[in-house]
Engineer: 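Provided herewith is a single structure, encoded as structure tokens, for subsequent inquiry.
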Amino acid sequence: MRRRPSVLAAAAVAASVVVLAACTETAPATTPAGSTAVETGTPGPSGTSPTAPAPTQRPLVVETVFGHVDLDPTQQFGRTNAIVAKALYQTLTTFPAGDQTQPEPGLAQYTISPEGRWLTLRLRADAKFSDGTAVTTDDVIFTLNRALGLGGGPATILGNIRMTKVDERTMTITSPDSNFALPAILANPAFGILNSSAVKAQGGTIGPGDLASPWLQTHSAGSGPYVLVSRTSHSITLKTNPHWTGPTPAHPEVVLRDASPGQQVDDLEAGRADVVLDLSPLQSQAIQLDPGDRRLAVVTRRSSTVAYLVLNTSAKVNRWTADPDFAEAVRRGVDSGALAQLVGGGTIPATGLIPQGIVGALKPATSNPAPTATVGPASPPATPSASPSVTLPAPTVTAPTPVPTGDGDPAAARAALKRAGYKGQPLTLVYAEDQPIQGLPPQLLAETIARQLGAVGITVRPKGLPAAEARADYQKGTQAFALWSFTPDYPGPENYLLFAPGHPLGLRAGWTLRTNPLVDGLTVEALDSLGDDREAAYGAWQRAMNSTGPFIPLIQPSSHFAQGARVTSLSTHPIWTVDLAETR
């Protein structure tokens, strides 16, 4: 195996508080300025959003379930936020619609060195912010340094990088170790380039003293195809950027609206919404089979989301979830194949934490149903990438014979329960009741899992909580048994090392470094792998995680969207869900 030195990324271990909240939205919609609409004014030197002329057609209305809405692109991670940030801000690189294989130029042409340690970027000459000023390397360096200074998820995935200005349009980014993932990372909407002059005028700076985030909740300072016009707690209105130099958006005004999945279907059928993003497989099927809905089109895409169970490994939190025999009983008692069949709509059993379509995904069993697509192809595999993590002794290790995850083996589950001494004590299964997982009601998944585990003797009581409350307990590491989902921040397997011992998501399950030397070693092996070695290294890591980790992968659902007659082409992507400017 080709190797490179590991680096100590203390931030990746210490910053164990924000990453998953970024990856999967779960908090209710809020507005920093309250629940009333905030209108932005006529543009000035500060880069505030312009008042666009009234469009000749009604706005494009897109409905989804809002998570925690943060319109500061550097602070955001989550579905709603990514949709808006993609529309307001340009990133240095991007991906074609539906493609995860090869990042392409966005704001900049780029060249990566053969060893992956430096990236040269040349900005487009015509790129302008919404106040008409040119995008420069100073803006890029400020944006990326601000992300590093604010910490959290964006800083974690950027890693230990340094920026150097060459001239007003040229710069280099260097990394102490190979980082082939960097072009893909920079395509995340969290790294939308900010107008540094406008943001600095509102208190923006590098580090914890930054004061610009509240201003960015109600103003945009980007070079994307749209500008922010207004927002309330349940809607966000965008209009075309007058200084946009790219292809003209088909819809001069877009309203993104918060709505439950049921309301989305009602509004789409009544013509009050043009695009809805949170259909369940049953809702999708009902629209397709209804003769009265022929004017509507359903779009199904394979997502990169994995739903999983987490069992806290700390006996102080719960004695049963911390017991390895009890954890094995849960693994054996869950039948993910049956769960996928119940859900339907292209849902497949998860073979591991890394989903199909990303390097390192374990091959599914031949009996598993293949994902389907009503419109368009499934997402292809991701490109090789690498990023730093913790330094540990890294001998070459062999993965154990895997304990199957979700194979529905009742006899083995009961035997494991007997070894654990479990006598039917109730266990609460927490889930975020108001946050669907790719349109799937989490209550359905939780109740099905409770029935499956009840059949082998485990008493499970599902408990839905408001997403913000459930998330807070998970972040503090006090949740014993819970149902969550994970969507990657960029299409690379390094995302999933967050679940490893001592890493942010592992710590939420009480899983610290050196409690499992085998997985510690395989984590380093995966991180250090390059090129063709990566598939096998991440496969070995996943098999060990399936056997001994506190996370039980369940299903990889598909995304189900629907569009009305005013939309002929819906531009989708697993990272930012939908590109509003490219939707026709």
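Since we're looking at a predicted model, the values are computed, not measured.
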Engineer: Just by modelled atom types, is the Gln438 backbone N or O under 3.5 Å from a matching donor or acceptor in the Ser559 side chain?
Structural biologist: no
Engineer: Out of the candidates Gln435, Arg79, His560, only one should pair with Asp278 under the side-chain hydrogen bond (donor to acceptor under 3.5 Å, both in side chains) rule; please name it.
Structural biologist: Arg79
Engineer: Would you check if Arg414 and Pro410 make a side-chain contact, meaning some heavy-atom pair closer than 4.5 Å?
Structural biologist: yes
Engineer: Looking only at heavy atoms, which two atoms of Pro442 and Pro436 are closest? And how far apart?
Structural biologist: CD-CA, 3.9 Å
Engineer: Quick one: pull up CD1 in Ile83 and CD1 in Ile575 and give me the separation to the nearest 0.5 Å.
Structural biologist: 12.5 Å
Engineer: Phe191 and Leu92: side chain to side chain contact (heavy atoms under 4.5 Å, CB included), yes or no, with the steps?
Structural biologist: CA-CA 8 Å; Phe191 305 115; Leu92 295 168; over 6 Å; no
Engineer: Among Val310, Leu498, Leu497, Leu353, which one satisfies side-chain contact (heavy atoms from CB on, under 4.5 Å) with Leu505?
Structural biologist: Leu498
Engineer: Measure from the side-chain N and O atoms of Asn81 to the backbone N and O of Asp70, and report whether any donor-acceptor pair falls under 3.5 Å.
Structural biologist: yes
Engineer: Say you draw a straight line from CD of Gln425 to CZ of Phe326; how long is it, rounded to the nearest 0.5 Å?
Structural biologist: 8.5 Å
Engineer: Mind checking whether Leu309 and Leu429 have side chains closer than 4.5 Å, heavy atoms only?
Structural biologist: yes
Engineer: Considering only heavy atoms from C-beta outward, does the side chain of Ile555 approach that of Ile437 to under 4.5 Å?
Structural biologist: no
Engineer: Please table the atom pairs, donor to acceptor, closer than 3.5 Å between any side-chain atom in residues 445-452 and protein atoms at least two apart or in another chain.
Structural biologist:
residue, atom, partner, partner atom, Å
Glu447, OE2, Gln443, NE2, 2.8
Thr448, OG1, Leu444, O, 2.8
Thr448, OG1, Arg451, NH2, 3.3
Gln452, OE1, Asp335, N, 2.9
Gln452, NE2, Asp335, O, 3.1

Engineer: Could you tell me the separation between the CD1 atom of Ile458 and the CG atom of Leu427, rounded to the nearest 0.5 Å?
Structural biologist: 8.0 Å
Engineer: Which heavy atom of Thr515 sits nearest a heavy atom of Asp520, and at what distance?
Structural biologist: N-OD2, 4.3 Å
Engineer: Can a donor-acceptor pair be found, under 3.5 Å and without considering hydrogens, that links the side chain of Thr459 to the backbone of Gly424?
Structural biologist: yes
Engineer: Closest approach of Val330 and Leu453, non-hydrogen atoms and distance?
Structural biologist: O-CD2, 3.9 Å
Engineer: Please find the pair of heavy atoms, one from Pro557 and one from Thr347, that lie closest to each other, and give the distance.
Structural biologist: CA-OG1, 3.7 Å
Engineer: Do Pro183 and Ile112 come within less than 4.5 Å of each other through their side chains, counting heavy atoms only?
Structural biologist: yes
Engineer: Rounded at 0.5 Å granularity, tell me how far CZ in Arg332 sits from CG in Asp325.
Structural biologist: 11.5 Å
Engineer: Should the ring pair Trp576 and His573 be called parallel, tilted or perpendicular, given that the plane angle runs from 0 to 90° and is split at 30 and 60?
Structural biologist: parallel
Engineer: Taking all non-hydrogen atoms of both residues, which atom of Pro189 and which atom of Pro73 are closest, and how far apart?
Structural biologist: O-CB, 3.8 Å
Engineer: Find out whether Asn312 and Gln479 are in side-chain contact, i.e. whether some heavy atom of one side chain is under 4.5 Å from a heavy atom of the other.
Structural biologist: no
Engineer: Is it the case that atom CZ in Arg419 sees more than 12 heavy atoms from other parts of the structure closer than 6.0 Å?
Structural biologist: yes
Engineer: Answer yes or no: is there a donor N or O on one side and an acceptor on the other, between the side chain of Ser314 and the main chain of Lys316, under 3.5 Å?
Structural biologist: yes
Engineer: Would you say the side-chain atoms of Ser280 pair up with the backbone N or O of Leu440, donor to acceptor, closer than 3.5 Å?
Structural biologist: no
Engineer: Quick one: do Thr74 and Leu216 satisfy side chain to side chain contact (heavy atoms under 4.5 Å, CB included)? Show the steps, please.
Structural biologist: CA-CA 10 Å; Thr74 311; Leu216 286 166; over 6 Å; no
Engineer: Side chains of Thr523 and Trp541: do they bring a donor and an acceptor to under 3.5 Å?
Structural biologist: yes
Engineer: Has the side chain of Ser113 got a donor or acceptor atom that lies under 3.5 Å from a matching backbone atom of Arg117?
Structural biologist: yes
Engineer: Is it true that Glu494 and Arg534 have a side-chain N and a carboxylate O under 4.0 angstrom from each other?
Structural biologist: yes
Engineer: Rounded to the nearest 0.5 Å, what separates atom CG in Asn179 from atom CG in Leu119?
Structural biologist: 9.0 Å
Engineer: Between Gln356 and Leu362, is there a donor-acceptor pair closer than 3.5 Å when you use the side chain of the first and the backbone of the second?
Structural biologist: yes
Engineer: Between Leu465 and Ala470, what is the shortest heavy-atom contact and its length?
Structural biologist: CB-CB, 4.1 Å
Engineer: Take Leu182 and Thr93 through the side chain to side chain contact (heavy atoms under 4.5 Å, CB included) test and state the conclusion after the steps.
Structural biologist: CA-CA 10 Å; Leu182 195 54; Thr93 60; over 6 Å; no
Engineer: Ignoring hydrogens and angles, state whether a donor on the side chain of Thr487 or Thr305 is under 3.5 Å from an acceptor on the partner side chain.
Structural biologist: yes
Engineer: Are the charged groups of Glu433 and Lys463 less than 4.0 angstrom apart, N to O?
Structural biologist: no
Engineer: Aromatic rings Phe499 and Phe486: how do their planes relate, parallel, tilted or perpendicular, breaks at 30° and 60°?
Structural biologist: perpendicular
Engineer: Taking the side chain as every heavy atom from C-beta outward, state whether Pro261 and Val65 have any atom pair closer than 4.5 Å.
Structural biologist: yes
Engineer: Less than 6.0 angstrom separating the ring centers of Trp484 and Tyr308, yes or no?
Structural biologist: no
Engineer: Regarding Arg146 and Asp210, does a basic nitrogen lie under 4.0 Å from an acidic carboxylate oxygen?
Structural biologist: yes
Engineer: With a 4.5 Å limit on heavy-atom distance, are the side chains of Ile354 and Tyr538 in contact?
Structural biologist: yes
Engineer: Under 3.5 Å, side chain of Thr313 to main-chain N/O of Ala509, donor-acceptor pair present?
Structural biologist: yes
Engineer: Verify, without hydrogens or angle tests, whether Thr548 (side chain) and Met545 (backbone) share a donor-acceptor contact under 3.5 angstrom.
Structural biologist: no
Engineer: Kindly indicate, with the supporting measurements, whether the criterion side chain to side chain contact (heavy atoms under 4.5 Å, CB included) is fulfilled by Lys476 and Asp473.
Structural biologist: CA-CA 5 Å; Lys476 290 184 292 186; Asp473 290 341; 3.8 Å; yes
Engineer: Who pairs with Pro324 by side chain to side chain contact (heavy atoms under 4.5 Å, CB included), at least two apart in sequence or on another chain?
Structural biologist: none
Engineer: Between atom OH of Tyr490 and atom CD1 of Ile157, what is the distance when rounded to the nearest 0.5 Å?
Structural biologist: 6.5 Å
Engineer: Mind checking what makes side chain to side chain donor-acceptor pair (under 3.5 Å) contact with Asp323, not counting sequence neighbours?
Structural biologist: none
Engineer: Donor-acceptor pair, Asn495 side chain versus Pro488 backbone, under 3.5 Å?
Structural biologist: no
Engineer: Are any non-hydrogen side-chain atoms of Met163 and Thr172 less than 4.5 angstrom apart?
Structural biologist: no
Engineer: I'd like to know whether Lys86 forms a side chain to side chain donor-acceptor pair (under 3.5 Å) with Thr94, so could you lay out the CA-CA distance, the side-chain angles of the two residues, the decisive distance to 0.1 Å, and finally the verdict.
Structural biologist: CA-CA 10 Å; Lys86 178 67 175 175; Thr94 189; 3.0 Å; yes
